[in-house]
Amino acid sequence: MTGSTPAAPIPNAPEFPDFGSIDSVSCVGAGTIGGGWAAYFLAQGYRVKIWDPAPAAGDKFARLLDAAWPALAELDMVESADRTAWSIHTDLAEAVADTGFVQESAPEDLALKRGLLARIDEVCPPNIVISSSTSGYSMTEMATEAAHPERLVVGHPFNPPYLIPLVEVVGGQSTSAAAVDWAAGFFSHIGKSVIRMDREVPGFIANRLQEAQWREALYMVEQGEATVEQIDRSITDGPGLRWPFQGPMLTFHLAGGEGGMAHMLDHFGPSLKSPWTRLTAPELSQQLRDDVVAGCDIEAGDRSIADLVAHRDAGIIALRRLTASLPAAATGSGRDEIADGQVGSPSSSAAPPPSASMARTASARILGTYSTEVVPEWIDYNGHMSEAFYVLVFGFATDQVMDQLGLDAAYRESAEASLYTVESHIRYLDEAALGDRLTVVPHLVSAGEKKLHLAYEMYVDDRLVSTEEIMALHVDQAEDRVVPFPQAVTERIAQIETSSPDWVGRSIG
Ligand SMILES: NC(=O)c1ccc[n+]([C@@H]2O[C@H](COP(=O)([O-])OP(=O)(O)OC[C@H]3O[C@@H](n4cnc5c(N)ncnc54)[C@H](O)[C@@H]3O)[C@@H](O)[C@H]2O)c1
């Protein structure tokens, strides 16, 4: 089981299971997306119970797993992962019995989702979060028939969910903030890059962006302005090469040359009035449908869907490795100015924002980011989070690191050994207010056979609010002495790429 999380309680959500107590999750619907989720959960060490009404669902999932497992072994697999730890159930109640989490990935049909979520809700204990993979329905419209809509969330993945880190998490009008927090925390815990949305938007964020391009592409085919192949190559050999490293905003920031986005907007602002996009979908006529399908067949040539999946997966793996290996500064967002302008930090970090770090920092990819929300008890007489609670939050982040390394509750109990923090240095760079969402990005600075040198960056959105550097020793509590890590933990540590933000090693300023 990957990183059990004994500590790291999620404020406001004491009724939901501790991440560390979960050993089994359920996937309702196991097609392209549900099957991809199931493969990912298996690779993360969970037992996966599947419910899918298709008679051949098991065979289909077995084929998907065959294709996904080698890719997962490259990037996102824990040692304890067991590819046989799945079962198909014909009884929904059986599939969610003793589960710690449910991911629904049934067809995109509103009436079906409404009924299905209500059925899952009926048979699942109310302290279990149920997440939907929907591509665009809001939870408000899907939860109308459920008795406990407060624990229903959207956890929108990207295909293939076993390789693409991003998950967009958002609740409906009746969803409790605690359930959204829990889901965001859980996805983070299993290594996903989470965007927690505060409000519902049809299609969420990434699908709206994809859809804009997709509609324009269909229009161009319909109008005979470009072929299917030209459209694909215009992206893969063009702007697509920039997107893994910088999203559309930073890409255009650079399009402004030394003047950055300001020059870009001043220079190209008038183009916004040019007829460069239609943004309205064309009528999907039979002709258009056939043209697009035929174009894809020509482009694919003699490559089967399986060939294309293998090619895509190899590409994503190579890209994720590449982005993870780039120095943080090369992928950072020039945050120096932000922190420098605040609570006097002469050597502020040039680290990337949490979302980017999650995807691009090898340490964070394996160790996960820790996320929580500032609760009323943490607020001091100045109206901001008191310094003691920065220590607490960093402590939770260390608990999560321990879990991910295998130094979890079970280990601590059986080996009577644990990680002791023996030295730390915290910088308080900016204030955190009630309700702020804190994201802590870990860095493994270095590791010895008995010790870890860790660094953490705590963010509110893209604001760096605090950093902590710690030295921690592996201690045998029975013998009261520092001892080497067990072999499995040493091997896990060896998989983590070290990274050292430029503030590490700084003494009191
Ligand atoms: N395909 C994508 O790229 C993508 C990406 C993100 C999200 N999604 C969303 O994920 C969900 C699943 O999409 P998909 O592409 O995997 O579809 P799919 O057709 O590949 O799989 C759907 C699965 O659901 C099963 N199913 C049918 N009726 C069911 C029911 N009543 N209860 C449970 N399972 C049922 C089917 O047997 C099938 O295995 C949809 O909501 C979709 O919008 C899809």
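Each ligand, and each atom within it, is numbered from 1 in the order the structure gives.
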Student: Does the Lys NZ or Arg CZ of Lys192 fall within the cation-pi geometry relative to Tyr40 - under 6.0 Å from the ring centre and within 45° of the axis?
Tutor: yes
Student: Heavy atom of Ala57 under 4.0 Å from ligand 1?
Tutor: no
Student: With sequence neighbours excluded, give me every salt bridge (charged side-chain N to carboxylate O under 4.0 Å, His left out) pair touching residues 118-144.
Tutor: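 Counting only pairs at least two positions apart or across chains, the salt bridge (charged side-chain N to carboxylate O under 4.0 Å, His left out) contacts touching residues 118-144 are Asp121-Arg151.
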Student: Quick test: of every protein heavy atom, which one is nearest to atom 12 (C) of ligand 1, and how far off is it to 0.1 Å?
Tutor: Ser105 O, 3.2 Å
Student: Quick test of your reading of the structure: of Leu92, Thr134, Ile33, whose heavy atom lies closest to atom 4 (C) of ligand 1?
Tutor: Ile33
Student: Is atom 39 (O) of ligand 1 less than 4.0 angstrom from at least one protein heavy atom?
Tutor: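 It does: a protein heavy atom is found less than 4.0 Å away from atom 39 (O) of ligand 1.
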Student: Checking side-chain polar atoms at under 3.5 Å, does Tyr370 have a donor or acceptor matched by the opposite partner on Asp399?
Tutor: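 No pair is found: no donor N or O on one side chain lies under 3.5 Å from an acceptor on the other.
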Student: Counting both backbone and side chain atoms, is some N or O of Thr32 under 3.5 Å from an N or O of ligand 1?
Tutor: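 Such a contact does occur with ligand 1.
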Student: Please determine whether ring-ring contact (aromatic ring centres under 6.0 Å, His included) holds for the pair Phe187 and Phe101, giving the CA-CA distance in whole Å, both sets of side-chain angles, and the decisive distance to 0.1 Å.
Tutor: CA-CA 11 Å; Phe187 285 127; Phe101 174 68; 5.5 Å; yes
Student: Parallel, tilted or perpendicular, judged at 30° and 60°: which one describes the rings of Phe16 and Trp182?
Tutor: tilted
Student: Among all protein non-hydrogen atoms, which one is nearest to atom 21 (O) of ligand 1, and what is the separation to 0.1 Å?
Tutor: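 I find the closest protein heavy atom is Gly31 CA, 3.3 Å.
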Student: Run the numbers for me: atoms of ligand 1, each under 4.0 Å from some heavy atom of Leu116, listed by number.
Tutor: 32 (N), 33 (C)
Student: With a cut-off of 4.0 Å, which atoms of ligand 1 are near a heavy atom of Ser135?
Tutor: 6 (C), 7 (C), 8 (N), 9 (C), 42 (C), 43 (O), 44 (C)
Student: Using a strict cut-off of less than 4.0 Å between a Lys/Arg side-chain nitrogen and an Asp/Glu carboxylate oxygen, indicate whether Lys49 and Asp91 qualify as a salt bridge.
Tutor: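 No, no charged N to carboxylate O under 4.0 Å.
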Student: With respect to atom 36 (C) of ligand 1, which of Ile120, Asp52, Leu64 exhibits the smallest heavy-atom separation?
Tutor: Asp52
Student: For ligand 1, is any non-hydrogen atom under 4.0 Å from Ala30's backbone (N, CA, C, O), its side chain (CB onward), both, or neither?
Tutor: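 Backbone only.
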Student: Taking only non-hydrogen atoms of Tyr137, do any sit less than 4.0 angstrom from ligand 1?
Tutor: no
Student: Charged N to carboxylate O under 4.0 angstrom, Arg196 versus Asp181?
Tutor: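 Yes, Arg196 and Asp181 are salt-bridged.
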Student: Provide, to 0.1 Å, the distance between atom 35 (C) of ligand 1 and the closest protein heavy atom, together with that atom's residue and name.
Tutor: Pro53 CD, 3.3 Å
Student: Should the ring pair Phe61 and Trp86 be called parallel, tilted or perpendicular, given that the plane angle runs from 0 to 90° and is split at 30 and 60?
Tutor: perpendicular
Student: In the protein, what heavy atom is nearest to atom 27 (C) of ligand 1, and what distance, to one decimal place, separates them?
Tutor: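 Of every protein heavy atom, Pro107 CD, 3.3 Å lies nearest to atom 27 (C) of ligand 1.
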Student: Of the listed options (Phe204, Trp51, Phe158), which comes nearest to atom 32 (N) of ligand 1 when hydrogens are ignored and any heavy atom counts?
Tutor: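 Answer by nearest heavy atom: Trp51.
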Student: So, Gln210 versus Asn207: side-chain donor-acceptor pair below 3.5 Å or not?
Tutor: yes
Student: Among Asp109, Leu117, Val154, find the residue that satisfies the side-chain contact (heavy atoms from CB on, under 4.5 Å) test when tested with Thr134.
Tutor: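 Output: one option passes, namely Val154.
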Student: Salt bridge between Arg437 and Asp461, side-chain N to carboxylate O under 4.0 Å?
Tutor: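 Here Arg437 does not pair with Asp461 in a salt bridge, since their nearest N and O are not under 4.0 Å apart.
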Student: Find all atoms of ligand 1 within a distance of less than 4.0 Å from any non-hydrogen atom belonging to Pro157, and give their numbers and elements.
Tutor: 6 (C)
Student: I'd like to know whether ligand 1 has Glu104 as a neighbour, heavy-atom separation below 4.0 Å.
Tutor: no
Student: Output yes when a protein non-hydrogen atom is found under 4.0 Å of atom 19 (O) of ligand 1, and no otherwise.
Tutor: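 It does not: no protein heavy atom is found less than 4.0 Å away from atom 19 (O) of ligand 1.
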Student: Would you call Asp76 and Arg320 a salt bridge, taking side-chain N to carboxylate O under 4.0 Å as the test?
Tutor: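 Salt bridge between Asp76 and Arg320, a charged N being under 4.0 Å from a carboxylate O: yes.
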Student: For atom 11 (C) of ligand 1, find the nearest protein heavy atom and state the residue, atom name and distance (0.1 Å precision).
Tutor: Ala106 O, 3.3 Å
Student: What are the atoms of ligand 1, with element, lying closer than 4.0 Å to any heavy atom of Asn159?
Tutor: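 Per the distance check, 3 (O).
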